[in-house]
Amino acid sequence: MSEILSFSRDMYTAQEESKNILENAVKLTKMAIQKYHGKDAVSNIGLYSSSVNNVEYDELNETVKKAIIKYASSVANVGDLFDINTPAGFKSAIGQFSNFREALFAIETKIIDTVNSKSEVEQALLMAELRNLADGDSATFDIDSKSLFTVEDTGYSNNSTRLQYQFMKPEFLTPRPKDAAIAVDLYQFNTIGFDFGKQMAKLAISFRVAMYDSIIAAIFDTTPLLNTPFYKALFAKTTWQELANRIAGANGSAVMAYGTNIALGKASDTVGDKWAYGVSEEFVKNGFVRDLYGVPAMELRQAVSSNDANYTFKVPDTKILLLTPSTDKPVKTVMEGQTFVIADDGRTNAINLKTYKYRQAWEVKIATQSAYGIQMV
């Protein structure tokens, strides 16, 4: 049976000793993100501010690992029972003492949450509102109708023929659990060859990327817009301007277009003689025209799926999103603010392996009173 490591994380991470460990561990994780993943549209989460020195990184990696294990050992008071600096001793301590495991994973989950809490993916914030909830909570978004009250001809002796009221539609969002199952080689964890920073960086990025994918999938889904005036299957100058004007009129605010450089470039190709219009240099430099037929355009940096052998694009190159940046964001995202760990029973895998599921919870949904549109290209 699996064991949910349910404990008061603050009990372990609020102490002065653990605060110092956490500070160095967060620094190590940020360095690992820069070292192994670089800076792109998705994994730009709390990056280390300067270039990474490999010698400094390796030294910090060993320092952090030893400090975490030593701290967990002192909490569990197992120093006289095992030599935790050896793989066998570490394996015995983590397998037999729950408070050793709790102290260890309190630090790990706090690392992930600290890195991610300071590092929203900027592109997601253009189209999504993110809200943190307490564990087990849900959120309700009251969506107002865009309709105005109808005013009709009448007389002093006539009754009104239309009774009206303010209409609000509630949208409920409850965070849903998402797991990343990690098989930990207990004999390797505290050896010199184990890169703790790399594992923490990959875990932090994995959760952020999964959330970003959910937001992109929601906002570029054309299903909610089919058979409405806010979806255009074919690009033409007039229909493009009509779509932008309709969204601006509905929201009472200026419209911007968001898309990859390829998508915006396809739309820009409809401009005939770019030399004559004075936009040829801009087109060659950026791959698209930044102000297309009166609609300002902003590039969404492309990201790829690293789990796909073909490195499939995440952001569609066939769609342009039109929305008003100053109004209600179309996508609502709710998330619980804490990472949990679930352990297997120790008999599921090979003798030296133990599986831990790192769990976060969030939900993504289109819930907005603002109009937005999609232009196919």
Side-chain angles (χ1 to χ4, degrees), residues 3-33 35-36 46 48 52-117 182-204 338-344 346 351-358:
E3 170 195 10
I4 299 178
L5 300 184
S6 178
F7 50 88
S8 175
R9 187 171 64 178
D10 291 340
M11 179 176 70
Y12 295 103
T13 59
Q15 301 176 38
E16 197 62 37
E17 182 182 358
S18 64
K19 285 182 179 179
N20 294 333
I21 297 172
L22 180 62
E23 183 178 339
N24 283 330
V26 169
K27 178 182 178 181
L28 174 68
T29 303
K30 292 180 179 180
M31 292 175 70
I33 291 172
K35 177 181 172 70
Y36 294 110
Y48 190 58
V52 177
N53 180 287
N54 288 333
V55 174
E56 179 189 1
Y57 176 84
D58 292 339
E59 290 178 350
L60 184 60
N61 185 59
E62 293 306 313
T63 299
V64 167
K65 282 194 303 180
K66 291 178 180 178
I68 292 176
I69 294 172
K70 180 181 178 181
Y71 175 65
S73 175
S74 66
V75 169
N77 196 25
V78 298
D80 295 334
L81 301 176
F82 310 106
D83 182 0
I84 59 167
N85 293 316
T86 65
F90 175 79
K91 177 187 175 184
S92 298
I94 198 173
Q96 298 179 36
F97 290 86
S98 62
N99 48 355
F100 185 93
R101 292 193 299 273
E102 290 172 2
L104 180 70
F105 287 104
I107 297 290
E108 286 199 5
T109 55
K110 191 73 172 180
I111 293 169
I112 297 171
D113 294 344
T114 301
V115 172
N116 281 348
S117 67
I182 308 297
V184 178
D185 187 337
L186 298 180
Y187 273 147
Q188 294 297 319
F189 186 87
N190 64 341
T191 61
I192 294 178
F194 182 78
D195 194 334
F196 179 72
K198 184 177 184 179
Q199 176 161 303
M200 289 295 96
K202 185 169 289 191
L203 274 168
Q338 181 169 318
T339 302
F340 289 91
V341 179
I342 301 174
D344 67 16
I351 189 168
N352 293 333
L353 293 178
K354 193 168 180 63
T355 299
Y356 293 97
K357 294 179 182 178
Y358 293 78

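All values below were derived from every heavy atom in this structure, side-chain atoms included, with hydrogens, water molecules and symmetry-related copies excluded.
- Residues that satisfy the side-chain hydrogen bond (donor to acceptor under 3.5 Å, both in side chains) test with K35, not counting sequence neighbours, are N54.
- Taking all atoms of both residues into account, the shortest heavy-atom contact from A67 to I21 is O-CD1, 3.5 Å.
- Listed by chain and residue number, Y36, Y57 satisfy the side-chain hydrogen bond (donor to acceptor under 3.5 Å, both in side chains) test with D195 (two or more places apart in sequence, or in another chain).
- Closest of all the heavy-atom pairs between I112 and A204 is CG2-CA, 4.2 Å.
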Worked check of side chain to side chain contact (heavy atoms under 4.5 Å, CB included) between I33 and V115: CA-CA 10 Å; I33 291 172; V115 172; 4.1 Å; yes
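- In this structure, the separation between OH on Y71 and CG on L22 is 10.5 Å, given to the nearest 0.5 Å.
- Here the shortest heavy-atom pairing between A32 and G197 reads CB-O, 3.3 Å.
- A heavy-atom distance below 4.5 Å is not found between the side chains of L28 and N24.
- Scanning both residues, M31 and V52, for their nearest heavy atoms gives O-CG2, 3.6 Å.
- Side-chain contact between K27 and L60 is present, with heavy atoms from C-beta onward closer than 4.5 Å.
- In this structure, I107 and I68 approach most closely via the heavy-atom pair CG2-CD1, 3.7 Å.
- Partners of K65 under the side-chain hydrogen bond (donor to acceptor under 3.5 Å, both in side chains) rule, at least two apart in sequence or in another chain, are E62.
- The closest side-chain heavy-atom distance from L203 to T339 is not below 4.5 Å.
- For D58, there are no side chain to side chain contact (heavy atoms under 4.5 Å, CB included) partners at least two apart in sequence or on another chain.
- To the nearest 0.5 Å, atoms NZ (K66) and CZ (F196) are separated by 14.5 Å.
- In plain terms, the two heavy atoms of L104 and A72 that are nearest each other are N-CB, 4.2 Å.
- T114 OG1 to E23 CD: the interatomic distance, rounded to the nearest 0.5 Å, is 11.0 Å.
- Of the inter-residue distances, the one linking K198 atom NZ with N61 atom CG reads 11.0 Å to the nearest 0.5 angstrom.
- Checked by atom type and distance alone, the side chain of S73 never pairs as donor or acceptor with a backbone atom of I69 at under 3.5 Å.
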